[in-house]
Amino acid sequence: MQWLIQHPEFLENNLYIGGQSYSGIPVPMVVQHLYDRVADREGGGSPPLNLKLRGYVLGNPITDIHIDRNARIPFAHGFALISNRLYQSAKANCNGDYVNANASGQQCELNVIKMEELLRHINSEHILEPSCRVNLTRGENSTLQRSLMENPTEFLSRLGETPYYCLNEMFLLSEIWANDRDVREALHVREGTKGQWKRCNRTTLAFTKVVNSTVAYHRNLSMTGLRALIFSGDHDMIASYVGTQQWINSLNLTLDDDWRAWYTDGQVSGYTESYINGDFALTHAIVKGAGHVTAAYKPKQCYAMAKRWFAYYQL
């Protein structure tokens, strides 16, 4: 908001709020706040904002902690990571609740322990990818170079140290880029305001997680005239399409475009379905072959998806 206030020439543009992964928690809250401010519904003397708020976009969103964690089990079963015999036993003994297994008795706990053991070495971000652990942060004694120009041959050779390809190794490039002094100056990062940039900062963020679900925010927003694009990688087990479909169905929207394939270059890129509620419209798109950071696996397909949606075309 502060950026838009400082650059009023962009206020005439359509505004969409977007995010990926854990942004599924704060983004709906931000959209709700902005929508209320635009319509001046908050009261308390807050002036209405002159914004052309049109909607929001969420990729692989963490939306409801219980739904998302619980959905891992039917998702894993559907991909043959858990036997049908074990899954049916757990389903019966746990009454479909695999998160609070201890509340359902000993047999449920035993089933969940077995299932978690089967999934322990699976890459949750993309179940077909190797389970990789790459250190993306640079400590005092780390030899991670500052730029590719320092020693490009050594850097590229490091990417082949493992006997299998790890997509996470490519994320090293983002850290090198973001922490480059010239890049920080170009982005107008004020000296002293931000230390070492980390791709996934899970340790030093100064906030407490108190919101476990934003389904209620999606339900509130479904009463507006906004648009929403929710997309999922079909091999993502962190925020699987199974859980996403579950909370979308809980909104009780009207089906507008039934489940169908969508294409890029004549090939199936995934599947999609759309819902409406009055002037509100929600599109859920599945990206075939993608994982948790969908665009990292299928950039061309994600670009086509976003371009069509922003232009009000069908996927």
Side-chain angles (χ1 to χ4, degrees), residues 1 15-36 53-76 98-99 123-127 171 198-203 205-224 226-253 270-275 277 280-287 290-298 301-302 305-306 309-310 315:
M1 278 309 308
L15 176 63
Y16 291 89
I17 310 298
Q20 173 86 27
S21 188
Y22 189 74
S23 294
I25 297 295
V27 164
M29 301 166 68
V30 170
V31 175
Q32 179 71 67
H33 173 72
L34 291 178
Y35 181 82
D36 289 341
L53 182 63
R54 295 292 183 261
Y56 57 102
V57 180
L58 288 170
N60 309 82
I62 303 296
T63 303
D64 183 289
I65 302 302
H66 185 273
I67 291 176
D68 291 328
R69 290 178 179 173
N70 212 54
R72 293 174 69 249
I73 301 306
F75 172 89
Y98 313 107
V99 177
N123 185 341
S124 294
E125 293 193 10
H126 193 304
I127 62 170
F171 296 148
K198 299 178 182 179
R199 178 177 172 268
C200 289
N201 189 350
R202 296 184 175 93
T203 57
L205 294 179
F207 68 86
T208 302
K209 297 179 181 179
V210 295
V211 177
N212 291 321
S213 175
T214 51
V215 174
Y217 288 90
H218 286 284
R219 186 170 292 110
N220 290 340
L221 294 171
S222 73
M223 305 296 177
T224 70
L226 299 178
R227 307 170 65 218
L229 171 62
I230 314 295
F231 59 93
S232 307
D234 65 353
H235 285 75
D236 171 22
M237 194 164 60
I238 295 176
S240 75
Y241 73 91
V242 175
T244 300
Q245 287 177 326
Q246 183 177 339
W247 67 257
I248 289 177
N249 290 337
S250 75
L251 302 180
N252 294 319
L253 306 174
Y271 296 85
T272 181
E273 55 189 354
S274 299
Y275 302 85
N277 184 42
F280 177 79
L282 183 149
T283 297
H284 182 211
I286 307 292
V287 183
H292 188 58
V293 186
T294 307
Y297 297 93
K298 298 293 180 179
Q301 290 81 352
C302 287
M305 171 187 66
W309 186 80
F310 281 121
L315 300 190

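Note that CG of Leu229 and CE of Met305 are 5.5 Å apart. Values are rounded to the nearest 0.5 Å. The line from NZ of Lys298 to CG of Asp234 is 9.0 Å long, rounded to the nearest 0.5 Å. With rounding to the nearest 0.5 Å, the separation of CG in Asn252 from OH in Tyr275 is 11.0 Å. Taking CZ from Phe231 and CD1 from Ile286, the interatomic distance works out to 11.0 Å, rounded to the nearest 0.5 Å. Expressed to the nearest 0.5 Å, how far OH of Tyr217 lies from CE of Met29 amounts to 4.0 Å. Rounded to the nearest 0.5 angstrom, Met223 CE and Leu251 CG are separated by 8.5 Å.
Looking only at side-chain heavy atoms (C-beta outward), Leu282 and Ile230 come within less than 4.5 Å of each other.
Within a 6.0 Å sphere centred on CZ of Arg219, heavy atoms belonging to other residues, nucleotides or ligands number more than 12.
Applying the ring-ring contact (aromatic ring centres under 6.0 Å, His included) rule to Tyr297 yields the partners His126; only residues at least two apart in sequence or on another chain are considered. Residues satisfying the side-chain hydrogen bond (donor to acceptor under 3.5 Å, both in side chains) criterion with Gln246, sequence neighbours excluded, are absent altogether. The ring-ring contact (aromatic ring centres under 6.0 Å, His included) search around Phe310 returns Tyr16, not counting sequence neighbours. By the side-chain hydrogen bond (donor to acceptor under 3.5 Å, both in side chains) test, Ser274 is found to be paired with Thr283, residues two or more places apart in sequence or in another chain being considered. In this structure, the ring-ring contact (aromatic ring centres under 6.0 Å, His included) partners of Tyr271, at least two apart in sequence or on a different chain, are Trp259. When the side-chain contact (heavy atoms from CB on, under 4.5 Å) test is applied to Ala71, the partners found at least two apart in sequence or on another chain are Ser240, Val242. Shown here are the side-chain hydrogen bond (donor to acceptor under 3.5 Å, both in side chains) partners of Ser232, two or more places apart in sequence or in another chain: His284.
Closest approach of Val31 to Ile17, counting heavy atoms only: CG2-CB, 3.7 Å. Considering every non-hydrogen atom in both Phe280 and Thr224, the closest pair reads CB-O, 3.2 Å. Of all the heavy atoms in Ala228 and Trp309, the pair that sits closest is C-CZ2, 3.5 Å. The two residues Pro28 and Thr214 come nearest to each other via the heavy atoms CG-OG1, 3.9 Å.
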Acceptor/donor pairs from residues 53-64 side chains to any protein atom, 3.5 angstrom cut, sequence neighbours excluded:
from, atom 1, to, atom 2, distance (Å)
Arg54, NE, Asn14, OD1, 3.3
Tyr56, OH, His218, ND1, 3.0
Asn60, OD1, Gln20, NE2, 2.8
Asn60, OD1, Thr294, OG1, 2.4
Asn60, ND2, Asp236, OD2, 3.1
Asn60, ND2, Gly291, O, 3.2
Asn60, ND2, His292, O, 3.2
Asn60, ND2, Thr294, OG1, 3.4
Thr63, OG1, Pro61, O, 3.3
Thr63, OG1, Trp247, NE1, 3.3
Asp64, OD1, His66, N, 3.1
Asp64, OD1, Ile67, N, 2.9
Asp64, OD2, Ser213, OG, 2.7

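Without hydrogens or angle criteria, Asn70 side chain to Tyr98 main chain gives a donor-acceptor distance under 3.5 Å.
Side-chain atoms of Asn249 and Gln245 include no donor-acceptor pair closer than 3.5 Å.
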